[in-house]
A.B. asks: 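The following block contains the structure, expressed as structure tokens.
The residues of the chain are indexed from 1 along the displayed sequence.
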Amino acid sequence: MSAEARSKQFGAAEEGGVIRCDACPVLCRIKPGRAGACDRYANEDGHLVRVDPVLLLEKALETGGDLVPFADAGWDGKLLDPERTFVTGVGSGTTYPDYKPAPFIVAAEHDGVDTVTVVTEGIFSYCGVKVKIDTDRHLGPETAPVRANGEQIGHVTTAEYGSQMLSIGGVRHLTGGSKKEGNVTCRALMDLCAGDPVTLTIDGGHEVVVQAGHAPIVDGHREERMRVGCGSAAVGIFARQWLGHVDEVIVVDDHITGVLTEHQAGKVLQMPASGIRVRGRRSTPGRYFQVAQPGLGWGGTDITEPLEIISKIDPATAWPGLRLLMTSTTGEDALYCVLDENLVPVPAEMPSAVRAVVDRIGENCEPSLCSVVFMAGAGGSLRAGVTENPVLLTRSVAAGETRVTMGGAPVYLWPGGGITVMADVTHMPKGSFGYVPTPAIVAPIEFTLPAALYETLGGHASDAVSIDDILRAVAPEARVEAWHGGNPWPFQKGAGTKSGGTTKGGARSGGNETGGTGTGGAG
């Protein structure tokens with residue numbers, strides 16, 4: 001299938017060599033030698049062509065051999081092994097309008113099984129990203145608007161263990177607000193999915209620079225550690241290591257502050273009560289909520305002077321010389337004190353044995369990172385490009401019979417109706433995402449299934465082309481990259497799309513998943 005042949009799926013010629021592109025609802029009129037508003041399609045000698053080449057991923061030999069070499073020019077594609085080549089949706093073109101078959105319907109044989117991979121670029125209005133930011137710092141109130149360039153593009157959502165969570169994008173911000181809001185949202189999504197840094201501000205909170213796979217920067221401070229646990233968990237983990245070296249430990253945490261001698265861990269170790277009480281709402285013994293307001297200080301609170309959370313020291317229980325350690329949940333902040341004759345905590349040099357445990361807290365903290373998970377709903381044109389009866393595809397995906405990938409990366413399939421998927425953008429090839437000025441995000445998607453099943457689903461079997469013919473046609477112009485080693489091979493036996501539901505017979509569908517949630521839905 002030549003580039004010229006593929007271009008005939010789209011566009012209509014007008015006077016003066018102008019082509020009206022119908023690859024999306026914008027319907028650009030493109031003059032010769034120019035590209036459309038999305039920079040994805042261009043008028044080349046009277047033919048509508050995809051500007052970026054299709055991406056082929058080649059899997060290395062199981063023996064660890066290198067990828068086959070290929071020339072920069074004059075290459076006929078014969079060096080690519082069809083058994084180890086996967087045609088991705090990146091650069092493939094789209095199925096819009098709905099009645100068109102997908103740009104590539106690839107027929108191949110793998111491990112003796114005839115398979116079909118339906119390849120396209122989806123136009124997603126119902127899409128967004130979920131951003132996981134590993135930090136104790138308070139970024140902003142839950143549900144607070146998240147802005148880029150002054151426009152709201154998302155909101156703060158429920159915090160997770162050691163991480164703050166943002167929901168960015170979604171159809172309301174892309175199409176439900178002003179034109180500027182939609183364009184800013186689209187640009188932010190493009191940058192986040194490309195792995196570029198994006199500066200976000202949170203109403204009633206702080207500024208954070210987010211970049212997939214990198215540490216977040218909060219108000220100009222680069223985060224380093226994700227907490228080992230809440231204050232109570234830290235007390236439980238390290239209690240035995242503190243025994244004999246301190247008389248009381250308070251682990252300051254915005255959510256659950258731990259007090260060692262009151263905690264069950266201290267009771268089991270038969271540590272005497274210290275008589276030191278912290279402010280806040282007592283939950284269970286040794287566990288306190290709301291000891292301070294959320295902030296950028298110790299343990300995600302607004303505290304920079306930890307002794308402020310001590311409400312009283314009971315003279316009937318405490319004693320002069322009592323050794324008190326206060327630390328944050330990451331060990332980045334720590335204070336060692338000794339009570340004087342008036343039972344006032346006096347800062348002192350931290351003993352090496354105590355310092356070793358504080359350092360171990362830091363050692364057990366994982367590096368602080370930003371994770372970006374793309375989420376989208378595969379709707380009309382996507383499914384119609386696969387089969388004439390889209391509901392059959394939906395059911396096959398839900399049952400785990402049809403595997404879904406995005407640029408070759410595994411997806412997590414949400415249970416319930418529709419085909420709503422999530423993918424870790426760091427597992428997708430560079431340049432996977434584009435846009436159309438409606439605005440909407442363009443992302444690759446592939447459906448892989450047995451050929452016999454594809455015919456049963458009412459697929460466009462007559463449009464299937466063998467992998468050998470596709471490689472001969474497109475490989476000389478294609479972009480060829482190595483398969484991402486962390487992704488499962490789509491043709492692997494027993495591999496399916498990971499789902500929260502069950503397959504036929506009650507077994508969970510196999511494959512891999514990426515964590516997190518985000519905006520999106522079937523549409």
Side-chain angles (χ1 to χ4, degrees), residues 127-149 151-170 173 184-185 187-231 233 253-256 293-302 328-333 362 364-375 412 422-428 514-520:
C127 73
V129 297
K130 188 75 167 182
V131 180
K132 174 176 173 284
I133 302 172
D134 300 337
T135 179
D136 267 352
R137 314 294 180 192
H138 176 70
L139 301 181
E142 196 168 299
T143 75
V146 175
R147 300 182 186 274
N149 297 323
E151 295 292 325
Q152 183 178 356
I153 64 169
H155 64 274
V156 179
T157 188
T158 311
E160 301 298 344
Y161 202 52
S163 305
Q164 308 297 323
M165 309 292 288
L166 308 180
S167 182
I168 306 295
H173 293 297
V184 171
T185 299
R187 182 72 262 166
L189 289 175
M190 284 286 293
D191 290 342
L192 287 167
C193 290
D196 296 331
V198 176
T199 300
L200 304 172
T201 58
I202 298 172
D203 287 8
H206 302 272
E207 177 187 278
V208 57
V209 178
V210 173
Q211 184 176 11
H214 292 73
I217 301 173
V218 181
D219 283 354
H221 172 77
R222 184 178 296 276
E223 296 295 293
E224 294 182 0
R225 303 177 186 175
M226 179 182 183
R227 69 179 183 178
V228 66
C230 68
D253 179 22
D254 176 40
H255 301 124
I256 307 173
Q293 294 299 312
L296 302 184
W298 284 48
T301 70
D302 62 352
S328 68
T329 49
T330 61
E332 292 173 285
D333 299 300
N364 278 269
C365 294
E366 296 176 270
S368 180
L369 292 176
C370 295
S371 303
V372 177
V373 176
F374 179 72
M375 180 169 177
Y412 176 86
M422 301 185 301
D424 181 346
V425 300
T426 63
H427 282 243
M428 298 176 68
T514 55
T517 58
T519 57

A.B. asks: Are any side-chain N or O atoms of His427 and backbone N or O atoms of Val425, one a donor and one an acceptor, separated by less than 3.5 Å?
C.D. replies: no
A.B. asks: Are Glu332 and Arg225 side-chain neighbours, meaning at least one heavy-atom pair lies under 4.5 Å?
C.D. replies: yes
A.B. asks: How many angstroms lie between atom CE of Met422 and atom SG of Cys127, to the nearest 0.5 angstrom?
C.D. replies: 14.0 Å
A.B. asks: Indicate yes or no: at least one non-hydrogen side-chain atom of Val156 is less than 4.5 angstrom from one of Thr143.
C.D. replies: no
A.B. asks: Going by heavy atoms in the side chains, are His221 and His206 under 4.5 Å from each other?
C.D. replies: no
A.B. asks: Within the structure provided, determine whether His155 and Ser167 are in side-chain contact (heavy-atom separation under 4.5 Å).
C.D. replies: yes
A.B. asks: Give the minimum heavy-atom separation between His138 and Gly300, together with the two atoms involved.
C.D. replies: CB-O, 4.2 Å
A.B. asks: Set out, in order, the CA-CA distance, both residues' side-chain angles and the distance that settles side chain to side chain contact (heavy atoms under 4.5 Å, CB included) for Leu189 and Ile168, then state yes or no.
C.D. replies: CA-CA 8 Å; Leu189 289 175; Ile168 306 295; 4.0 Å; yes
A.B. asks: Please name the pair of heavy atoms, one in Thr426 and one in Ala212, separated by the smallest distance, quoted to 0.1 Å.
C.D. replies: CG2-CB, 3.9 Å
A.B. asks: Got a donor-acceptor contact below 3.5 angstrom from the Gln152 side chain to the Arg147 backbone?
C.D. replies: no
A.B. asks: Which atoms form the tightest heavy-atom contact between Ala423 and Met428, and what is the distance?
C.D. replies: CB-SD, 4.1 Å
A.B. asks: Please give me the minimum heavy-atom distance between Glu142 and Ala159, naming the atom from each residue.
C.D. replies: OE1-N, 4.2 Å
A.B. asks: Within a strict 4.5 Å, meaning less than it, do heavy atoms of the Val218 and Leu139 side chains meet?
C.D. replies: yes
A.B. asks: Nearest heavy-atom pair of Met226 and Tyr161: which atoms, and what distance?
C.D. replies: CE-O, 3.4 Å
A.B. asks: Are Val208 and Gln164 side-chain neighbours, meaning at least one heavy-atom pair lies under 4.5 Å?
C.D. replies: no
A.B. asks: Is it true that a side-chain atom of Asp302 and a backbone atom of Gly295 form a donor plus acceptor pair closer than 3.5 Å?
C.D. replies: no
A.B. asks: As an exercise, state the distance from NE2 of His214 to CZ of Arg222, rounded to the nearest 0.5 Å.
C.D. replies: 8.0 Å
A.B. asks: Are side-chain heavy atoms of Ile153 and Leu200 found at a separation under 4.5 Å?
C.D. replies: yes
A.B. asks: Could you check Ile133 against Val210 for side chain to side chain contact (heavy atoms under 4.5 Å, CB included), going step by step and ending with a plain yes or no?
C.D. replies: CA-CA 8 Å; Ile133 302 172; Val210 173; 3.9 Å; yes
A.B. asks: Mind checking the CG-OG1 spacing from Asn149 to Thr185? Nearest 0.5 Å is all I need.
C.D. replies: 10.5 Å
A.B. asks: Knowing that exactly one of Ser368, Cys370, Pro216 qualifies, which makes a side chain to side chain contact (heavy atoms under 4.5 Å, CB included) with Asp134?
C.D. replies: Ser368
A.B. asks: Hey, what do you get for OG1 (Thr199) to CD (Glu207), rounding to the nearest 0.5 Å?
C.D. replies: 5.5 Å
A.B. asks: Just how far is it from atom OG1 of Thr330 to atom CH2 of Trp298, taken to the nearest 0.5 Å?
C.D. replies: 9.5 Å
A.B. asks: Kindly determine whether Glu151 and Arg187 satisfy side chain to side chain contact (heavy atoms under 4.5 Å, CB included), including the steps that lead there.
C.D. replies: CA-CA 12 Å; Glu151 295 292 325; Arg187 182 72 262 166; over 6 Å; no
A.B. asks: Enter the distance from Thr329:OG1 to Asp136:CG here, rounded to the nearest 0.5 Å.
C.D. replies: 3.5 Å
A.B. asks: For Phe374 and Cys193, work out which heavy atoms get closest and say how close.
C.D. replies: CD1-SG, 3.8 Å
A.B. asks: Quick test of your reading of the model: are Glu223 and Arg137 salt-bridged, counting only N-O distances below 4.0 Å?
C.D. replies: yes
